[in-house]
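Index from 1, following the sequence. The basis for the numbers below is simple: all heavy atoms, side chains too, and nothing from hydrogens, waters or symmetry mates.
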Amino acid sequence: MPLGDGRSDQAPRRATIGDRPSPRMDLRALFGLEAGHWAWRTAAYAAVAMTVSFALATMLFGPQLGTMAALGSMTVLYEKKTPYSYRAAALALVGLGFVAAVTFNSLASSLSPWAAVASIGLTAGLSTWVCAAWRVDKPGPMFFVLVATISTIAPGGVAEVPLHALIAALGATVGWTVSMSGALFRSRRPEYHAVAEAFRELAALLRSVGTSELDHAQHQASVAVAEAWRIVLLGQTRGYSPTPEAARLRALLRWVSDVHLAATQVCIARTTPLPTQAAEFAELLAPAVADPSQAPDPESLHELRRGMRPRSLESRLYGLLTRTAQTARRSAEDQDVEDDHRSAGLHDERYPALANALRSSLSSESLIRPTALRMWLTVTAAGMFGLWMGLDHYYWVALTTTSVLQAGNVALAFNRSVQRSLGTLLGVLAGVGLLLLNPPLAVVIILAGLFQGTTQLVVARNFFYASIVLTPMALMLSYTAQPAPLTDLAESRFIDTVVGSVFGLAGALLLWRKASATRLPQAISNVLERTRQCMMAVLDQDSEITEEHRYRLRRDMRAATVSLRGVYESALGDAPRAASTRPLWPVVVATQRIGYLALAALSQDRGPDPVGIITLQRVDLAFGELISAMEERRTPRLGALPRLPAYPRINMELRALATAMTTAVAQDERSVRQEAERRAHREQRRAQRDVDADL
């Protein structure tokens, strides 16, 4: 598989492994801005939805109950990236979840404060489970718990519960309407944005070739391509799929997938940077997804292909980029787009099986179950502690605990605990200062909407600054729903936040702290098993791979590789277990690279040379041995690998994986010996102290 740059006669070299990712616990992590974009659209939607719902419910039911409608409008914060056809149904379910939370917690609060605490904890656990299983994007369970906490202080008894539910439904309807308003202007913007983002990440991958950032860029590109497939699939509705515009979008989706896999082969095989024209060309394809007139000239890559072998990896990459640009230049009305086989229907269901997702999330291999249980138990314990201590606003303790635990692991929970405490202190000062001015109700409504919008603008960049502007909004809603002396309110808010932060950090430290680290070997084994299935399908000349089967193999393979990186990064934050996780970084990289190469093999026709049954068996045995060694945490006994002339890089990465596993096992054994020696020394010192005491 020559590269096409005149170096095919040299011995193959392995691409450099990037630096291991590590969660930061420093000032920059606490107060610095994360890379990304400012969420202006989400901020505007959130401000409008809260202001309108708060004002409308206040006019109809009064200010104390109007806060529940303001909270119900937070449906606008969910499903921001999904197609409008899917979003309509998904946001309706979110709204029903808000109504259920209000109903359940209002009923519990009418019984006793202890019942209210238990209902808030149960709401936190259930919402965490359902949001994770159904892949509900951020803010996840946070606002379900916020709605639950505010509903426990709403005035009235059991007879008022239906009214509370009605008001929450009104707010959810306003949020639904605001979120769906974009469909009037650009009905397919989410699909275009997802495919365009995949092209941007592809450009970043091409820029990273030959650098230490390769593996990180490869992961980000894989995530973007997988997300593009998910979004476009969700947009497949009746009357939508057959349209020329949808056909062009599906064709571009398949092109970006194939170009990504071709780039995968190049970046793993090449140790020097690519010409900058390739990345710039891919970058120009992003705006062309929605506007064909912005597509780059397909002939602009002609000079890069000059003198290359037709079957070289780089020549194939440039050829795919050129053909992608040709498709992007065609308008939706062009008949050639509809006739292109790449524009055919996608081989998958539009909606995920929600019941199956819930069942699979309860399996022993899933991280969702321990995460939900941790949330439920910790939030319940925090609320009960606050109530036992006589804290007037014990529900704030539960809300802060939920916010801290959403971080995911110990390191991130520590950062979020500090950010929440400091941000709340500053936010309390600002909120109380505004309330001391005794602003009119209309000003309170407008300020609450502005604070909510500002929170959504900055929350993705830094949680500390989001906490500063979120706290005044929460204070205004709480003060409006249940007026209290401002001094007591400010003091209680800060104390409750600190207590909730401590409980959240304690829950992350004590409950299922090793969940990710324990599941990491199984995640590696899952990728290797998927890779074995893909390679056996590619190498077996007696079996035919249908387009539907090829798609499903690629889908499952990509999902497994992306999940592996997520499990590893989460395990790194499971202190102090991370000490045994760090040595597995080379194992994770080699495993992911093998998976990407298997994906690339699936995207091509079969190799020119037939593979015998003996070779198939040896490939199967090699993967089986690596899987067994990973599950048993032992050194793999990998013999001579079969020669695969069409896929030489897979052999190289298999050997690298075996070496990395051997090194990791050796480090584990050394750590075990050192721990045993330390334990023996402690026992010896304890025995000596006992002898000295007897003397």
- Message: A cation-pi test, strictly: NZ or CZ of Arg461 under 6.0 Å from the centre of the six-membered ring of Trp38 and no more than 45 degrees from its axis. Yes or no?
- Response: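 Yes, cation above the ring, under 6.0 Å and within 45°.
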- Message: Determine whether Arg565 and His216 satisfy the following criterion, side chain to side chain donor-acceptor pair (under 3.5 Å), listing intermediate values before the conclusion.
- Response: CA-CA 10 Å; Arg565 179 66 176 266; His216 305 301; 2.6 Å; yes
For the pair [X] and [Y], find out whether any cationic side-chain nitrogen is under 4.0 Å from an anionic carboxylate oxygen.
X: Glu283; Y: Arg207; answer: yes
X: Asp258; Y: Arg316; answer: no
X: Arg250; Y: Glu191; answer: no

- Query: Per the side-chain contact (heavy atoms from CB on, under 4.5 Å) rule, which among Val527, Asn526, Leu528 passes with Ile524?
  - Reply: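 Result for side-chain contact (heavy atoms from CB on, under 4.5 Å) with Ile524: Leu528.
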- Residues forming a salt bridge (Lys or Arg N to Asp or Glu O under 4.0 Å) with Arg593, sequence neighbours excluded: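 Scan of Arg593 (salt bridge (Lys or Arg N to Asp or Glu O under 4.0 Å), adjacent residues dropped) gives Asp215, Glu653.
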- Message: Test side chain to side chain donor-acceptor pair (under 3.5 Å) on Asn415 and Gln419; report intermediate values, then the result.
- Response: CA-CA 6 Å; Asn415 289 343; Gln419 290 172 327; over 6 Å; no
Checking [Y] against [X]: is there a side-chain donor and acceptor pair closer than 3.5 Å?
X: His219; Y: Glu201; result: no
X: Arg554; Y: His549; result: no
X: Glu625; Y: Ser628; result: no
X: Ser300; Y: Gln277; result: no

- Task: For residues Tyr192 and Asp291, determine if any side-chain heavy atom of one lies less than 4.5 Å from a side-chain heavy atom of the other.
- Result: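 Not in contact.
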- Message: Once side-chain contact (heavy atoms from CB on, under 4.5 Å) is applied, do any residues pair with Pro370, and if so which ones, sequence neighbours excluded?
- Response: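 With neighbours one apart ignored, the set is Trp512, Ala515, Arg519.
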- Message: Can you confirm whether more than 12 heavy atoms, excluding those of Lys81, are under 6.0 Å from its NZ atom?
- Response: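 Open: at most 12 neighbouring heavy atoms sit under 6.0 Å from NZ of Lys81.
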